[in-house]
Every structure is written in structure tokens, then in C-alpha cells.
Amino acid sequence: MASGCKSTAQVNSTRFLKINSAQVINLRNLLYVSTAIRIFLIVYGEIHDKISHLKYTDVDYKVFSDAASHVAMGNSPYKRHTYRYTPLVALILLPNVYIPCFGKVIFATGDILIGYITYNSAVQKFSTSKSLAASALWLLNPISIGISTRGNAEPLLGAVILMCLYSVHLNFPVISGLLLSLAVHLKLYPILYSLPIYLHFAYSNSQNKFLSFKTLTFVLSFAFLQVGFLCIFYYQYGWTFVYESYLYHFIRSDTRHNFSPYFYLLYLQRYMPQSVSYLFKFVCFIPQALLSLIFSLKFYQNLELCFFMQTVVFVSFNKVSTSQYFVWYLWLIPGVFPKLTISWRQGLGLFLMWLAGQALWLFTGYMIEFQAKNYFLMMHFSSLSFLLINVLNVCILIKKADIK
């Protein structure tokens with residue numbers, strides 16, 4: 001029995017090595033080119049910001065850097081107004097005090113890691129060409145390149161989520177629990193992935209037990225790290241940490257830059273009684289929770305597809321949905337891509353339809369923000385149209401995906 005477990009562990013741990021020299025060269029070249037592009041844009045961004053009033057760097061990067069400066073001086077990162085993230089981000093970016101572009105390098109590294117993990121996950125099941133195409137779909141994507149080089153921290157989250165997904169496939173429940181816990185600490189929404197991962201460990205093997213050693217170690221490792229983060233940072237920063245990192249995101253409302261189908265109702269909620277407003281915010285979570293549960297039960301044996309569907313419906317039905325949230329499911333697309341039985345024309349059509357939905361919303365947003373036009377009803381219509389497009393895309397992808 002012990003030798004069998006050892007053999008399985010050896011097979012799992014050496015999967016990275018099962019790549020022939022031609023594959024390595026192709027992957028290496030892809031990584032070299034991707035890294036060079038990101039280095040160039042980081043350097044360009046530093047120069048551009050010094051000579052132009054229109055900054056290349058994301059405004060959130062300034063927030064991260066200021067929070068890191070407060071931590072370096074022995075203060076709370078929450079002294080920086082609008083810093084509503086875990087203190088872990090500020091601690092990681094402490095070198096920003098002396099090397100302003102350090103954080104961008106870290107974020108770009110996470111970005112490259114997403115592409116690398118995507119390849120290694122895909123090559124276990126699909127051809128080399130499909131795996132390289134899936135990796136290139138992220139590594140050479142202008143959206144992903146811009147996000148990391150402008151100083152957005154989301155690629156760190158994406159790398160953690162994909163490492164968690166990969167560790168599940170390698171059948172490592174403890175590592176999976178720790179990585180998922182880290183992802184939930186960075187952002188709350190990955191808690192959605194806990195149920196399908198649990199079901200995957202419970203029923204995707206010969207034992208088929210809801211409660212087993214694997215599921216127990218997964219839950220305990222997740223809880224251990226989550227409680228550890230909570231205790232350490234609560235001791236350090238008190239209730240402010242709990243509110244800014246967790247509770248704020250449940251009560252947040254954004255009526256100016258919001259793709260949410262609830263946009264107009266949130267805009268009008270100031271005229272509602274307070275009790276009705278709180279009830280409405282609670283009701284907004286019901287479609288997300290229900291659809292996430294359905295996808296978990298239906299697709300837990302195909303985690304890439306399950307994660308993607310859960311994330312799309314979460315972002316689409318969330319009461320706050322900004323452009324930054326779209327990347328949460330974009331980094332999952334390369335993992336789903338090899339499983340799709342879809343032509344490039346059909347894929348391009350779905351992508352163009354998705355872009356058209358955004359363009360309509362951005363046009364109404366421009367008219368409201370910069371032209372002071374009363375386009376609120378049209379914006380509501382564009383938000384509903386974008387929701388419909390996302391739902392349609394999900395339905396088509398489910399139909400076209402190989403869910404075995």
C-alpha cells in the first residue's frame with residue numbers, strides 16, 4: 001500500500017518533467033517573448049509616467065505603494081484611504097519604498113506563472129500544440145499584459161488559483177486547501193471553488209466517500225491558514241482589518257462604473273427605505289449562490305469548466321461588476337480552451353459579442369460622465385444586455401465543452 005502511494009506521488013511530482021525537448025524549446029521561447037514584452041512595458045511605464053499627465057500606471061498601484069510605506073513606518077496600511085485589501089499585499093510590496101517598480105515586477109511574474117501553469121496543466125491531457133495555444137492565449141493577450149505591467153495585483157490571485165487547481169489534479173488535498181485559503185484571503189470570491197474541490201476529492205476516485213481522509217485534510221488545511229491570517233492581522237490591526245478586508249465588500253455599492261444588472265436599482269436605492277435597501281442587497285446574492293451551487297454539483301469532475309462558469313455568473317450577477325473583475329474569469333479561459341469543440345470563427349464571434357456589450361455600456365458611461373447627459377435608463381439597458389450576452393456565452397460554452 002505504502003509503495004503504491006509512493007509511486008503515485010512520484011508520478012504526480014514528476015509530471016512537469018514529461019516534456020520532450022521540442023516542447024521545452026517552444027515553451028521556453030514563448031516565456032522569453034512574454035517576459036521581454038512585460039519588462040519593456042514596465043520600463044516604458046516608468047518613463048511615461050514622468051513625462052505625461054496621463055499615467056500608464058494603475059491608480060491602485062499608488063494605493064498599494066502608499067500602504068506599503070505606512071507599514072514600513074510601523075503604521076497600519078489602512079491609514080491609506082481606499083486601501084481595502086489584505087495587509088499581505090502591503091507586506092509583499094515593502095520593497096516599493098526603495099524600488100518603485102518592484103510591485104510591477106512581482107505582478108508580472110505572477111502573470112507569467114499563470115501562462116506556465118496553464119501549459120503544464122493542459123499538456124497532461126491535450127496535444128502540445130493545443131497546450132501552447134492555451135498558454136499563448138494568456139501570455140500574449142494584451143489585456144493580461146496591460147493588467148500586470150500597469151501595477152494591478154490581480155495576476156497574483158490568478159497564479160494562486162491556478163496553482164490550487166493544478167494541485168487538485170495532482171491529488172494533493174493539503175496543498176490545495178492551503179492555496180485556496182490564500183486565494184480567499186486575497187479576495188473573497190474564490191470561496192465559491194471550495195464546494196466543487198471538496199466534491200472532486202470526495203467522488204472523483206474509487207472510494208466515493210463524502211467524508212474521507214482527503215476531504216478532511218483539505219478542509220482542515222483551508223481552515224488552519226484562514227484562521228491563522230485572521231488571528232495575526234486582527235491582533236496587528238484590529239477591527240479595521242476585518243471591516244476593510246472582508247465586510248466592506250459585502251456592503252459596497254458603485255453606481256458610477258458598474259456593469260451590474262442591478263446598476264439602476266442601486267442608483268435609485270437612496271430613495272428606498274433603509275430596510276428595503278438592505279433586503280435588496282441580500283436578494284442580489286441569491287442568483288449567484290444558486291447558480292454556483294448548480295455548477296458545483298454538475299461540473300465538479302471538470303474543475304476548469306466549473307471554476308469558469310462559477311466565476312462568470314458571479315461577476316455577471318454581482319451588485320458591483322467593474323472591468324477589473326473580468327480578469328477573474330479571463331485567466332480561466334485558457335484552461336477551458338482545449339476542452340472546447342468550437343471553431344475559431346465561433347470563438348471569435350463570442351468574443352466580439354462580449355466586446356460589443358462592453359462597448360455599448362462604455363458609450364453610455366461616457367455620455368453620463370463626460371457629457372453630463374441623462375443616459376441612465378440606456379445604461380440600465382446596456383447592463384442588462386451585457387448580462388444577457390454573458391449568459392448566452394456560458395450556455396454556448398457548456399454545449400460546446402467536452403465535460404467528460
S.K.: Indicate yes or no: at least one non-hydrogen side-chain atom of Leu350 is less than 4.5 angstrom from one of Leu397.
M.R.: yes
S.K.: For Ser292, enumerate each residue passing the side-chain hydrogen bond (donor to acceptor under 3.5 Å, both in side chains) test, keeping only those at least two apart in sequence or located in another chain.
M.R.: Gln310
S.K.: Between Ser245 and Tyr78, does a side-chain hydrogen bond (donor to acceptor under 3.5 Å, both in side chains) hold up when you go through it step by step?
M.R.: CA-CA 10 Å; Ser245 296; Tyr78 301 106; 2.7 Å; yes
S.K.: Using a 4.5 Å cut-off on heavy atoms from C-beta on, say whether the side chain of Phe299 contacts that of Ile398.
M.R.: yes
S.K.: Hey, does Thr128 have a side-chain heavy atom less than 4.5 Å from the side chain of Leu27?
M.R.: no
S.K.: Look only at the side chain of Asn96 and the backbone of Gly103, and say whether a donor-acceptor pair between them is shorter than 3.5 Å.
M.R.: yes
S.K.: Are the side chains of Gln226 and Val184 in contact, using a 4.5 Å heavy-atom criterion?
M.R.: yes
S.K.: Mind listing the closest non-hydrogen atom pair of Ile175 and Ser167 along with its distance?
M.R.: CG2-CB, 3.9 Å
S.K.: For Leu162 and Ile117, work out which heavy atoms get closest and say how close.
M.R.: O-CG2, 3.7 Å
S.K.: How long is the span from the CD1 atom in Ile143 to the OG atom in Ser148, to the nearest 0.5 Å?
M.R.: 12.5 Å
S.K.: Please lay out, stage by stage, how Leu132 and Lys130 fare under the test side chain to side chain contact (heavy atoms under 4.5 Å, CB included).
M.R.: CA-CA 6 Å; Leu132 285 171; Lys130 272 194 173 184; over 6 Å; no
S.K.: Out of the candidates Thr86, Leu156, Leu88, only one should pair with Leu182 under the side chain to side chain contact (heavy atoms under 4.5 Å, CB included) rule; please name it.
M.R.: Leu88
S.K.: Below 4.5 Å, heavy atoms only, C-beta onward: do Tyr264 and Met379 meet side chain to side chain?
M.R.: no
S.K.: For the pair Arg38 (side chain) and Leu139 (backbone), establish whether a donor and an acceptor sit closer than 3.5 Å, ignoring hydrogens and angles.
M.R.: yes
S.K.: Would you give the length of the straight line joining atom OH of Tyr83 to atom CG of Asp60, rounded to the nearest 0.5 angstrom?
M.R.: 10.5 Å
S.K.: Once you measure the plane-to-plane angle for Phe326 and Tyr329, does it fall in the parallel (<30°), tilted (30-60°) or perpendicular (>60°) bin?
M.R.: tilted
S.K.: Do the side chain of Ser260 and the main chain of Asn318 share a donor and acceptor less than 3.5 angstrom apart?
M.R.: yes
S.K.: Just say parallel, tilted or perpendicular for the rings of Tyr189 and Tyr193, cut-offs at 30° and 60°.
M.R.: perpendicular
S.K.: Look only at the side chain of Ser144 and the backbone of Trp138, and say whether a donor-acceptor pair between them is shorter than 3.5 Å.
M.R.: yes
S.K.: Using the rule given for side chain to side chain contact (heavy atoms under 4.5 Å, CB included), can you reason through Leu137 versus Thr118, listing the C-alpha separation, both sets of side-chain angles and the distance that settles it, and then say yes or no?
M.R.: CA-CA 10 Å; Leu137 191 61; Thr118 296; over 6 Å; no
S.K.: Does Leu305 reach the side chain of Met309, with side-chain heavy atoms less than 4.5 Å apart?
M.R.: yes
S.K.: Taking the side chain from Thr217 and the backbone from Lys214, do they hold a donor-acceptor pair closer than 3.5 Å?
M.R.: yes
S.K.: Would you say Tyr44 has more than 12 foreign heavy atoms packed within less than 6.0 Å of its OH?
M.R.: no
S.K.: Return yes if a side-chain donor-acceptor contact under 3.5 Å exists between Thr57 and Lys104, otherwise no.
M.R.: yes
S.K.: Does the ring center of Tyr246 lie less than 6.0 Å from the ring center of Phe241?
M.R.: yes
S.K.: Do you know the tightest heavy-atom contact between Pro173 and Phe201?
M.R.: CA-CZ, 3.5 Å
S.K.: Taking all non-hydrogen atoms of both residues into account, name the closest pair between Leu293 and Leu195 and its distance.
M.R.: CD1-CD2, 3.7 Å
S.K.: How long is the straight-line distance from CH2 of Trp361 back to CG of Leu384, given to the nearest 0.5 Å?
M.R.: 13.5 Å
S.K.: Is Ser221 reaching over with its side chain to a backbone N or O of Val174, donor-acceptor style, under 3.5 angstrom?
M.R.: yes
S.K.: Of the options Ile112, Leu113, Val105, which is the one that meets Thr109 in a side chain to side chain contact (heavy atoms under 4.5 Å, CB included)?
M.R.: Val105
S.K.: Determine the sole option in Leu157, Ile147, Asn152 for which the side chain to side chain contact (heavy atoms under 4.5 Å, CB included) test with Val327 is passed.
M.R.: Ile147
S.K.: Hey, does the side chain of His185 reach the backbone of Leu225 with a donor-acceptor pair shorter than 3.5 angstrom?
M.R.: no
S.K.: Nearest 0.5 Å, please: how far is CD1 in Ile42 from CZ in Phe102?
M.R.: 11.5 Å
S.K.: Can you classify the ring geometry of Tyr203 versus Phe210 as parallel (below 30°), tilted (30 to 60°) or perpendicular (above 60°)?
M.R.: tilted
S.K.: Any sub-3.5 Å donor-acceptor pair from Ser181's side-chain atoms to Phe222's backbone N or O?
M.R.: yes
S.K.: In Å and rounded to the nearest 0.5 Å, what is the CZ to OG distance from Phe263 to Ser382?
M.R.: 8.0 Å
S.K.: Taking it one step at a time, do Leu355 and Met353 satisfy side chain to side chain contact (heavy atoms under 4.5 Å, CB included)?
M.R.: CA-CA 5 Å; Leu355 289 180; Met353 186 167 58; over 6 Å; no
S.K.: Using 30° and 60° as the class limits, which term best fits the ring planes of Phe259 and Phe386: parallel, tilted or perpendicular?
M.R.: tilted
S.K.: Just by modelled atom types, is the Gly115 backbone N or O under 3.5 Å from a matching donor or acceptor in the Ser135 side chain?
M.R.: yes
S.K.: Enter the distance from Tyr325:OH to Thr322:OG1 here, rounded to the nearest 0.5 Å.
M.R.: 5.0 Å
S.K.: Hey, does Lys79 have a side-chain heavy atom less than 4.5 Å from the side chain of Asp66?
M.R.: no
S.K.: Taking the side chain as C-beta and beyond, is there a heavy-atom pair between Val391 and Phe317 under 4.5 Å?
M.R.: yes
S.K.: Can you see which heavy atom on Lys187 is nearest to which on Tyr85, and at what distance?
M.R.: NZ-CE2, 4.0 Å
S.K.: Which of parallel (below 30°), tilted (30 to 60°) and perpendicular (above 60°) describes Phe229 and Phe233?
M.R.: parallel
S.K.: Applying side-chain hydrogen bond (donor to acceptor under 3.5 Å, both in side chains), name anything that partners Tyr56, two or more places apart in sequence or on another chain.
M.R.: Thr149
S.K.: Does the side chain to side chain contact (heavy atoms under 4.5 Å, CB included) test come out yes or no for Tyr375 and Tyr366, once each step is laid out?
M.R.: CA-CA 10 Å; Tyr375 273 49; Tyr366 171 80; over 6 Å; no
S.K.: Taking all non-hydrogen atoms of both residues into account, name the closest pair between Cys306 and Ser296 and its distance.
M.R.: SG-CA, 3.9 Å
S.K.: Closer than 3.5 angstrom, by distance alone: can the side chain of Lys373 be matched with the main-chain N or O of Met367 as a donor-acceptor pair?
M.R.: no
S.K.: Is the count of non-hydrogen atoms from other residues, nucleotides or ligands lying under 6.0 Å from Phe381 atom CZ greater than 12?
M.R.: no
